[in-house]
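Ligands are counted one by one from 1 in listed order, and the atoms in each one are counted from 1 as well. Residue numbers count from 1 along this sequence.
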Amino acid sequence: MTLLLLMMSVVTFIPQALGCYSSIISFGDSIADTGNLYNSSPNKSFDFFFPPYGETYFHRPVGRCSDGRLIIDFIAEYMGLPLVQPYLESHNQTVHNIEGGVNFAVVGSTALDATFLEEMGVYNDITNNSLRIQLDWFQEMLSFLCNTSSDCNKLLSSSLVLMGEIGGNDYNNALLGGKSIETVEKYVPLVIEAIASTINELIAFGASTLVVPGNFPIGCIPAYLTTYETSDESEYDPLTGCLNWLNKFSEYHNELLQRELSRIRSLHPYVNVIYADYYNAMLQLFQSPDQFGFTGETTKACCGGGGPYNYNSSALCGSPEANVLCENPAQFISWDGVHSTEAAYRWIAKGLLNGNYTVPQISTLCVSQL
Ligand SMILES: *[C@@H]1O[C@H](CO)[C@@H](O)[C@H](O)[C@H]1NC(C)=O
Ligand SMILES: *[C@@H]1O[C@H](CO)[C@@H](O)[C@H](O)[C@H]1NC(C)=O
Ligand SMILES: *[C@@H]1O[C@H](CO)[C@@H](O)[C@H](O)[C@H]1NC(C)=O
Ligand SMILES: *[C@@H]1O[C@H](CO)[C@@H](O)[C@H](O)[C@H]1NC(C)=O
Ligand SMILES: *[C@@H]1O[C@H](CO)[C@@H](O)[C@H](O)[C@H]1NC(C)=O
Ligand SMILES: *[C@@H]1O[C@H](CO)[C@@H](O)[C@H](O)[C@H]1NC(C)=O
C-alpha cells in the first residue's frame with residue numbers, strides 16, 4: 001500500500017518537472033491550430049468542422065484537425081498550463097493576454113506569404129493567414145501588454161514559443177497541386193528563411209525559449225501514399241511502407257532548418273533555440289507500431305473515403321462522402337489521411353518532452369531554469 005502510494009506520487013509529480021514556463025505562444029498550421037480557423041470562419045463548411053472530428057476527447061468538433069488533442073495540448077498539459085487559447089476568439093474578437101498562452105496557428109497556413117506562393121502557381125484553398133500575418137497579430141497583441149523593451153523581455157522570458165510546425169503546407173499545396181519535386185526543392189531555402197526571420201523577430205521582441213519543429217515524414221502520410229501510389233516496390237521502405245523519396249525531401253528540409261538554427265544559436269547564445277524532431281518522433285511509430293498500440297494498418301487513415309490507404313480527396317473525413325471510420329482511433333497513426341490521431345500526437349509529444357527528440361533536450365533546459 002505504501003509502495004503503491006509512493007509510486008503514485010512519483011507518477012503525479014513528473015508532469016510538474018516542466019512547470020517553469022508560464023505560457024505557451026504558438027505559431028503554425030493545422031498541426032497546432034486550437035481553433036483560429038474555426039472561430040474566424042463561422043460560416044465556412046470545411047470538412048474538419050464536422051463530426052467525427054473531436055470525437056475522442058472533446059466529443060464534438062472544436063476546430064482541431066484530429067479526433068482529439070494535438071501535440072501542443074499535450075505540451076500544455078505536461079507543463080501544468082491550460083490548453084492554449086486561439087488568438088481569434090468567437091465572432092472574430094481577438095485575445096489580449098498571454099496568461100496561460102495564446103495560439104496564432106491557423107489550419108492551412110504557409111510559411112511563405114500566400115501572394116508570393118500564388119505568383120509561383122501554388123494555391124491555398126483554406127487560408128491566407130501565413131506566418132507573416134501571424135507575427136503581425138502577435139506584435140499587435142504585444143502592444144497592449146508592454147510598452148518598453150525591458151517590459152516585453154520580462155513578459156516573454158517565461159514563455160515557451162512553439163514555432164510550428166510550419167512550412168508543411170507550402171510543400172503540400174505545391175506537390176499535391178502537381179508541381180514536381182525538383183521544383184518544390186527550390187522552395188526549401190525560402191521556407192527556411194521565412195521561419196528563421198520570424199524567429200529572429202521574436203528574439204528581438206524578447207522571446208528567450210523557442211521550440212522549432214521540423215517536418216513530418218510525409219512519405220508515410222496516406223494523402224501522399226495515395227497520390228503517388230506506384231507498382232515499383234523499390235520506392236517503398238520495406239519496414240514501414242513509406243515512400244522513400246518523400247521522406248528524403250522532409251529530411252532535406254529538416255537538415256537545412258537545423259543548420260539555420262545552429263546559426264541563430266551562435267548569434268544569440270543566451271536564447272534557448274530547441275529543435276523538435278517531429279520526423280523521427282513520428283517515424284518510430286511506423287517502425288515499431290506494436291510497441292505503441294497501433295494495431296490497425298499503419299499507412300491507412302482511420303477516417304476517410306476508402307481505398308488502399310482509406311484516403312480519397314473527393315470523400316474526405318468529415319464530409320458526407322466519407323464512408324469508412326475505424327472503431328478505435330487509438331489503433332491508428334493517421335486520423336484523416338493528412339493529420340494524425342490523438343494517440344499518435346500523444347506519443348510524439350511524449351518523445352519530445354522526455355528529451356529523446358529535442359535538441360538540446362527540452363527537459364534539461366527547464367531544470368536548469370528552475
Ligand atoms: C476579423 O475582422 C477584421 C476587421 O473586421 C477583418 O479585417 C479580418 O479580416 C477578420 N479576420 C478574419 C480572420 O476573419
Ligand atoms: C454567418 O451566418 C449567419 C446566419 O446565416 C449570419 O447571421 C452571420 O452574419 C454570418 N457570419 C459571417 C461572419 O458571415
Ligand atoms: C486569399 O487571397 C486571395 C486574393 O486576395 C483571394 O482571392 C482568396 O480568396 C483568398 N483565399 C482564402 C482562402 O481566403
Ligand atoms: C503603455 O503606455 C500607455 C501610455 O503611457 C499606458 O497608458 C499603458 O498603460 C501602457 N501599457 C502597458 C501595458 O504598460
Ligand atoms: C472517391 O470518392 C468519390 C466520391 O464519393 C467517388 O465517386 C470515387 O469513386 C472515389 N474514388 C475511389 C478511387 O474510390
Ligand atoms: C528514449 O527512447 C529509448 C528507445 O527508443 C527508450 O528506451 C527510452 O526510454 C527513451 N527515453 C526516455 C527518457 O523515455
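- A donor-acceptor contact shorter than 3.5 Å is absent between the side chain of Ser340 and the backbone of Ser334.
- Note that atom 9 (O) of ligand 5 has no protein non-hydrogen atoms nearby, at separations under 4.0 angstrom.
- Applying the 6.0 Å contact sphere to CD of Glu118 captures more than 12 heavy atoms from other residues, nucleotides or ligands.
- Counting only non-hydrogen atoms, the option in Thr127, Asn128, Asp125 that gets closest to atom 11 (N) of ligand 3 is Asn128.
- Residue Ser314 approaches ligand 5 through these ligand atoms, each under 4.0 Å from one of its heavy atoms: 2 (O), 3 (C), 4 (C).
- The protein reaches atom 4 (C) of ligand 5 closely, with a heavy atom under 4.0 angstrom from it.
- Remark: SG of Cys317 is found under 2.5 Å from SG of Cys303.
- The aromatic ring centres of Tyr38 and Phe46 sit 6.0 Å or more apart.
- Among Val211, Asn254, Thr358, the one residue that satisfies the side chain to side chain contact (heavy atoms under 4.5 Å, CB included) test with Tyr275 is Asn254.
- Near Ile126, meaning under 4.0 Å from any of its heavy atoms, are these atoms of ligand 3: 13 (C).
- Shortest contact from atom 6 (C) of ligand 5 to any protein heavy atom: Asn312 ND2, 4.2 Å.
- Residue contact check: Ala315 has heavy atoms under 4.0 Å from atoms 2 (O) of ligand 5.
- Between the side chains of Tyr53 and Asp336, at least one donor N or O lies within less than 3.5 Å of an accepting N or O.
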